[in-house]
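What follows is a set of notes on a single structure, which appears directly below.
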Amino acid sequence: MFERPRGTNDWGPEDMVKRRFVESRFVQLAESFGFREVATPTIESLELFTAKSGPGIVRELYAFKDQGGRDLALRPEFTASILRFYVSDLRSRPKPLKVYTTGNVFRYEEPQKGRYREFYQLNAEIIGGAPLPSDAETLALAIGTMRAIGLKRVKARIGNLGILRASLPFGSTDQAVVLHSLDKRNFAMLDSELARLGRKDLSKSLRQFIDLSGDVTILDRASKVLGGAGKEAFDYLRNLADLLESYGVSPTEYAFDMGVVRGLDYYTGMVFEIDSPNLGAEKQVGGGGAYDLAQVFGGEPVTQTGFALGLDRLVMSAEAEGSAPSPPPLDAYVVPIGDSMRPKAIEVLASLRADGLKADIDLVGRGPTKNLEYANAIRARFAILVGQRELVAGKATVRNMASGEQREVSLETLVEALREKPPKSASR
Ligand code: HAM
């Protein structure tokens with residue numbers, strides 16, 4: 001017996017129906033917003049991830065040397081890969097460039113419920129739009145995806161990292177350490193870092209600032225806490241609220257939260273996270289914001305904003321809110337009555353499949369009783385019994401598996417008979 005690696009998952013048929021449902025809702029909505037799909041490799045050069053975050057990031061990655069001695073890593077997210085792709089190949093395309101991608105990503109984390117080492121992200125990026133409309137479009141897609149999945153209890157929290165960055169008069173490495181301690185709410189670390197930087201006086205206002213959350217009215221209070229710094233960034237958030245209203249995003253679907261700091265190092269402006277309250281400790285189903293990576297990778301300055309949703313957590317959330325679908329039933333299970341009927345039964349099967357029905361056939365050579373038991377166990381809506389006597393009259397016997405009702409149906413009208421709306425009890 002082999003065990004799967006720690007922090008990974010196997011997904012059965014019932015899981016996959018839910019996962020594909022969530023993914024397809026995102027894809028449909030992203031396409032309707034004019035985003036186009038791209039794909040990047042699962043393995044990247046390690047340097048792509050250390051370029052911005054420094055060598056410290058390596059312990060959070062699946063990093064390895066290949067047989068040619070190259071330093072590689074499994075992608076921990078999509079943003080760096082997409083920006084690499086943008087700088088090398090896509091930058092001459094008309095802007096804004098709006099792309100999305102979905103797939104598995106890998107992080108060397110301590111696994112727990114909802115936190116895995118291999119997980120699945122739904123990711124969208126806008127490159128080269130004006131900041132405000134692009135941020136609004138990004139948020140509208142992220143929040144709209146929640147709605148499309150049927151999640152009603154999730155809420156986005158929107159902040160602006162530009163405000164915090166502007167109030168931290170340090171170089172980028174020191175800023176990153178202070179922001180990291182704020183992100184983790186590690187105030188002992190915050191105080192010791194500020195002491196090291198000779199700015200212990202900032203501690204109180206920073207703590208007060210990241211505690212502020214609520215509707216648009218908190219923005220006035222927040223601007224006072226930092227002594228009026230970052231006026232433009234607060235106006236930016238007010239304007240964002242107006243645009244979100246035009247998108248039809250309700251103020252109940254988000255709050256402003258000055259404590260959104262984000263774990264990744266590349267964010268520069270508007271940042272957001274989406275929480276699902278019914279998930280416990282790992283409740284963050286998505287996050288994103290405006291960032292700068294193109295220049296780090298050798299490109300021209302260009303605005304960049306985007307987000308990723310964690311599919312694994314979205315599915316858990318949909319299960320908790322009752323919006324995750326069950327597998328659709330098989331429409332027809334075809335039973336040849338005796339081996340001599342198999343060729344004709346396969347023809348019937350093929351015609352049902354060609355008409356777009358989900359149809360299966362006995363592959364074991366069981367007798368009719370055992371076959372009906374099997375049809376029941378796999379939750380087929382109908383069993384089609386193909387026997388010599390009925391076939392002579394151009395018919396087959398159709399058994400409604402929920403009611404047990406059985407009737408002879410002409411092969412010509414078989415598809416219509418199966419397309420009848422299934423009785424409630426059959427759509428378990
Ligand atoms: P992130 O916040 O690191 O952002 O990840 C996005 C989402 O992935 C999280 O909100 C969470 O739902 C899910 N996630 C993260 N870690 C795990 C894990 N270990 N197990 C299960 N799910 C997890 C990014 O990755 C950025 N690249 C988002 C972005 C795109 N920003 C701009 N563009």
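Keep in mind that the numbers below use all heavy atoms, side chains included, and drop hydrogens, waters and symmetry copies. Along the sequence shown, the residues carry numbers beginning at 1.
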- Query: Which is it for Asp362 and Tyr374 under the side-chain hydrogen bond (donor to acceptor under 3.5 Å, both in side chains) test, yes or no, and what are the steps along the way?
  - Reply: CA-CA 9 Å; Asp362 164 71; Tyr374 177 75; over 6 Å; no

- Test log, rule side-chain hydrogen bond (donor to acceptor under 3.5 Å, both in side chains), inputs Glu47 and Ser45: CA-CA 5 Å; Glu47 231 189 316; Ser45 66; 5.4 Å; no

- Message: The test is side-chain hydrogen bond (donor to acceptor under 3.5 Å, both in side chains); show your working for Asn400 and Glu405 and say whether it passes.
- Response: CA-CA 5 Å; Asn400 181 321; Glu405 180 215 340; 4.7 Å; no

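Looking at Asp174, Leu202, Leu168 one by one, the single match for side-chain contact (heavy atoms from CB on, under 4.5 Å) with Leu197 turns out to be Asp174. Just one of Arg147, Lys152, Arg157, Arg153 meets the salt bridge (charged side-chain N to carboxylate O under 4.0 Å, His left out) condition when paired with Glu253; it is Arg147.
Ring geometry for Phe256 against Tyr254 counts as perpendicular: the plane angle is over 60°, on a 0 to 90° scale with 30° as the lower cut. Between Tyr291 and Tyr266, the angle of the ring planes lies from 30° to 60°, which puts this pair in the tilted group.
For the pair Arg117 and Phe106, the cation-pi criterion (under 6.0 Å, within 45° of the ring axis) is not fulfilled. Remark: Arg199 fails to qualify as a cation-pi partner of Phe170 under the 6.0 Å distance and 45° angle criteria applied to the six-membered ring.
Contact of the Leu139 side chain with the Val249 side chain is not registered, since no non-hydrogen atoms from C-beta on lie closer than 4.5 Å.
Of all heavy-atom pairs between Tyr100 and Ala30, the closest is CD2-CB, 3.9 Å. Heavy-atom minimum distance, Asn376 versus Met401: N-CE, 3.7 Å.
Taking the charged nitrogens against the carboxylate oxygens, Asp211 and Arg185 have no contact shorter than 4.0 Å, which rules out a salt bridge. With salt bridges taken as basic N to acidic carboxylate O contacts below 4.0 Å, none links Lys358 and Asp331. Salt bridge annotation for Asp15-Lys18: absent, with no cationic side-chain nitrogen under 4.0 angstrom from a carboxylate oxygen.
For the residue pair Glu77/Gln121, the side-chain donor-acceptor check at 3.5 Å is not satisfied.
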